[in-house]
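Report on the structure given below.
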Amino acid sequence: MLTRRLSIADLAAAPVIGGGDLLGDGAAITSPVVLVDLDTASDVPADDLALAAVRASASDVILVGTSTGPIGDALGPLLEAVDLTYAPSGAGHRAVVGADEVDVAVAAFIDAVSRCPQASLVAAQVVRAAEPLDPVPAIDVESLGYSTLQGGDEFGRWLEERRAKGRPLPPPAVDPVLLDRQGDTLRITLNRPERRNAYGTALRDAFVDALRLAVLDDTIEHVVVDGAGSAFSAGGDLDEFGHMPDASTAHLIRTRGGAGRLVAVLADRVEVRLHGPCVGAGIEIPAFAGRVVAAPDTRIRLPEVSMGLIPGAGGTVSVPRRIGRWRALHLFVTGVEIDAAQALDWGLVDEIGA
């Protein structure tokens with residue numbers, strides 16, 4: 001995979017970034033990432049800095065800024081226009097991912113993109129497109145992108161490998177969600193600890209039914225969501241992947257039958273208490289809540305791009321609204337795990353508590 005590096009002046013002068021270089025013979029993706037050297041800013045006129053930001057906003061590839069030192073305020077518009085920036089640890093801008101070794105972090109990002117370039121590009125496109133939208137239409141955009149990738153080779157390879165393991169569908173669940181009403185507070189406990197509260201069909205439907213109680217009953221002033229067992233939620237139940245009857249039905253279930261929309265609507269009344277692994281949907285849905293409390297052992301990861309997909313439970317909407325689309329894309333593409341302290345520092349959770 002070809003990765004080009006541009007100066008800021010090069011970026012300002014280019015009418016289109018990527019263009020014919022993005023796709024090669026047979027529509028193969030050849031150059032999905034372009035690096036922008038922010039260390040070249042010192043000699044760039046203010047007008048060219050502004051023009052570079054305009055060019056970056058219209059890019060058809062993933063633009064990654066790189067810096068080996070402090071980033072001045074004048075670069076703010078360009079930082080916000082590129083897809084993300086890696087710079088030394090301590091950079092405070094929300095568009096910047098701090099790294100002890102910038103070159104190593106950039107190489108890891110490029111390597112992740114090279115394994116699933118289609119999913120990486122769609123992830124970048126979706127977080128940009130969803131950024132100005134209200135949560136409900138933004139979730140629709142996410143689901144349409146997810147549906148597109150379900151027909152792609154990257155997800156097809158992952159699904160083939162998964163099915164080769166011959167794992168059966170999950171067994172029926174007796175009480176996938178537990179409810180406890182105390183006064184004006186409704187506690188919802190995800191209750192499939194034997195599957196680490198995987199967000200499968202049974203748990204999803206029961207969770208949605210519980211949230212609808214709060215939508216319909218305005219005497220429920222507080223909703224507290226937690227999880228039984230060692231994990232809040234290990235995310236989508238992988239043994240159910242690929243079993244929907246068709247893509248259209250799957251899209252409607254993800255959007256109209258999913259929990260993300262309801263948590264977004266109820267956000268001011270919802271507190272989610274995380275602990276242990278919070279993978280995929282296990283952080284995507286909580287991130288819509290007005291308050292998220294993480295136990296010290298909380299570990300967060302979003303692995304969907306490595307499966308040839310993008311987050312599909314609302315994560316391209318909820319996570320960027322908390323930490324910005326730049327750091328969100330870093331989490332999506334690399335699949336890196338972060339702990340409770342990092343999540344608190346970025347604003348993905350609001351408090352570390354028991």
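Values below: every heavy atom of this structure, side chains too, minus hydrogens, waters and symmetry copies. Numbers here are sequence positions counted from 1.
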Is any side-chain heavy atom of [X] less than 4.5 Å from a side-chain heavy atom of [Y]?
{"X": "V336", "Y": "L331", "result": "yes"}
{"X": "R167", "Y": "R162", "result": "yes"}
{"X": "L274", "Y": "V349", "result": "yes"}
{"X": "V64", "Y": "V34", "result": "no"}
{"X": "V225", "Y": "T189", "result": "no"}
{"X": "P32", "Y": "I29", "result": "yes"}
{"X": "L203", "Y": "N197", "result": "yes"}
{"X": "S67", "Y": "V102", "result": "no"}

Quick one: does any side-chain atom of [X] pair with a main-chain N or O of [Y] as donor and acceptor, under 3.5 Å?
{"X": "T298", "Y": "A294", "answer": "no"}
{"X": "W326", "Y": "V82", "answer": "yes"}
{"X": "R327", "Y": "V96", "answer": "yes"}
{"X": "S31", "Y": "L2", "answer": "yes"}
{"X": "D297", "Y": "G276", "answer": "yes"}
{"X": "T185", "Y": "R181", "answer": "no"}
{"X": "R269", "Y": "I220", "answer": "yes"}
{"X": "D184", "Y": "E221", "answer": "no"}
{"X": "T40", "Y": "I8", "answer": "yes"}

Fill in: Derivation of the ring-ring contact (aromatic ring centres under 6.0 Å, His included) call for H251 and Y146
CA-CA 8 Å; H251 166 68; Y146 189 100; over 10 Å; no

Residue set satisfying salt bridge (Lys or Arg N to Asp or Glu O under 4.0 Å) with E80, at least two apart, ordered chain then number -> none

Sequence neighbours excluded, the answer for salt bridge (Lys or Arg N to Asp or Glu O under 4.0 Å) partners of R5 is none

May I ask whether [X] and [Y] are part of the same hydrophobic cluster, defined by side-chain heavy atoms of I, L, V, M, F, W, Y residues being less than 4.5 angstrom apart, directly or through others?
{"X": "V224", "Y": "L186", "answer": "no"}
{"X": "F232", "Y": "L179", "answer": "yes"}
{"X": "V33", "Y": "V61", "answer": "yes"}
{"X": "V136", "Y": "V126", "answer": "no"}
{"X": "V279", "Y": "M307", "answer": "no"}

Whether over 12 other heavy atoms sit under 6.0 Å from [X] [atom1]:
{"X": "D100", "atom1": "CG", "answer": "no"}
{"X": "R196", "atom1": "CZ", "answer": "no"}
{"X": "D268", "atom1": "CG", "answer": "no"}
{"X": "D39", "atom1": "CG", "answer": "yes"}

For the [atom1] atom of [X] and the [atom2] atom of [Y], what is their distance to the nearest 0.5 Å?
{"X": "T255", "Y": "R261", "atom1": "OG1", "atom2": "CZ", "value": "6.5 Å"}
{"X": "I62", "Y": "L329", "atom1": "CD1", "atom2": "CG", "value": "6.0 Å"}
{"X": "E154", "Y": "L159", "atom1": "CD", "atom2": "CG", "value": "13.5 Å"}
{"X": "L84", "Y": "L63", "atom1": "CG", "atom2": "CG", "value": "10.0 Å"}
{"X": "I71", "Y": "T85", "atom1": "CD1", "atom2": "OG1", "value": "6.0 Å"}
{"X": "L35", "Y": "T66", "atom1": "CG", "atom2": "OG1", "value": "6.0 Å"}

Residue pair [X] / [Y]: nearest heavy atoms and the distance that separates them:
{"X": "R254", "Y": "S147", "answer": "NH2-OG, 2.6 Å"}
{"X": "V317", "Y": "E142", "answer": "N-OE1, 4.0 Å"}
{"X": "G308", "Y": "A119", "answer": "C-CB, 3.6 Å"}
{"X": "A295", "Y": "H275", "answer": "CB-CB, 3.8 Å"}
{"X": "L78", "Y": "A56", "answer": "CD1-CB, 4.2 Å"}
{"X": "H330", "Y": "T334", "answer": "O-OG1, 2.6 Å"}

As a quick check of understanding, evaluate salt bridge (Lys or Arg N to Asp or Glu O under 4.0 Å) for R322 and D350, giving each step before the final call. CA-CA 10 Å; R322 279 186 162 266; D350 302 299; 3.0 Å; yes

Electrostatic pair [X]-[Y], nearest N-O below 4.0 angstrom:
{"X": "E194", "Y": "R192", "value": "yes"}
{"X": "D339", "Y": "R299", "value": "no"}
{"X": "D111", "Y": "R115", "value": "yes"}
{"X": "R55", "Y": "D48", "value": "no"}
{"X": "D140", "Y": "R256", "value": "yes"}

Under 3.5 Å, is there a donor on one side chain and an acceptor on the other for [X] and [Y]?
{"X": "T316", "Y": "R128", "answer": "no"}
{"X": "D217", "Y": "T219", "answer": "yes"}
{"X": "S318", "Y": "E284", "answer": "no"}
{"X": "S7", "Y": "D37", "answer": "no"}

Practice item. Show the numbers, then the answer: is there a side chain to side chain contact (heavy atoms under 4.5 Å, CB included) between I188 and L211? Key: CA-CA 8 Å; I188 304 172; L211 291 168; 4.0 Å; yes

Decide yes or no on side chain to side chain contact (heavy atoms under 4.5 Å, CB included) for L49 and V44, but give the supporting numbers first. CA-CA 7 Å; L49 281 176; V44 178; 3.9 Å; yes

* Could you walk me through whether L348 and V319 pass the side chain to side chain contact (heavy atoms under 4.5 Å, CB included) check? -> CA-CA 7 Å; L348 189 51; V319 175; 4.2 Å; yes

Please assess L149 against I310 for the test side chain to side chain contact (heavy atoms under 4.5 Å, CB included), listing each intermediate value before the final yes or no.
CA-CA 8 Å; L149 290 168; I310 58 174; 3.6 Å; yes

Salt bridge (Lys or Arg N to Asp or Glu O under 4.0 Å) between R273 and E271: does it pass, once the steps are laid out? CA-CA 7 Å; R273 298 176 181 174; E271 175 182 313; 2.6 Å; yes

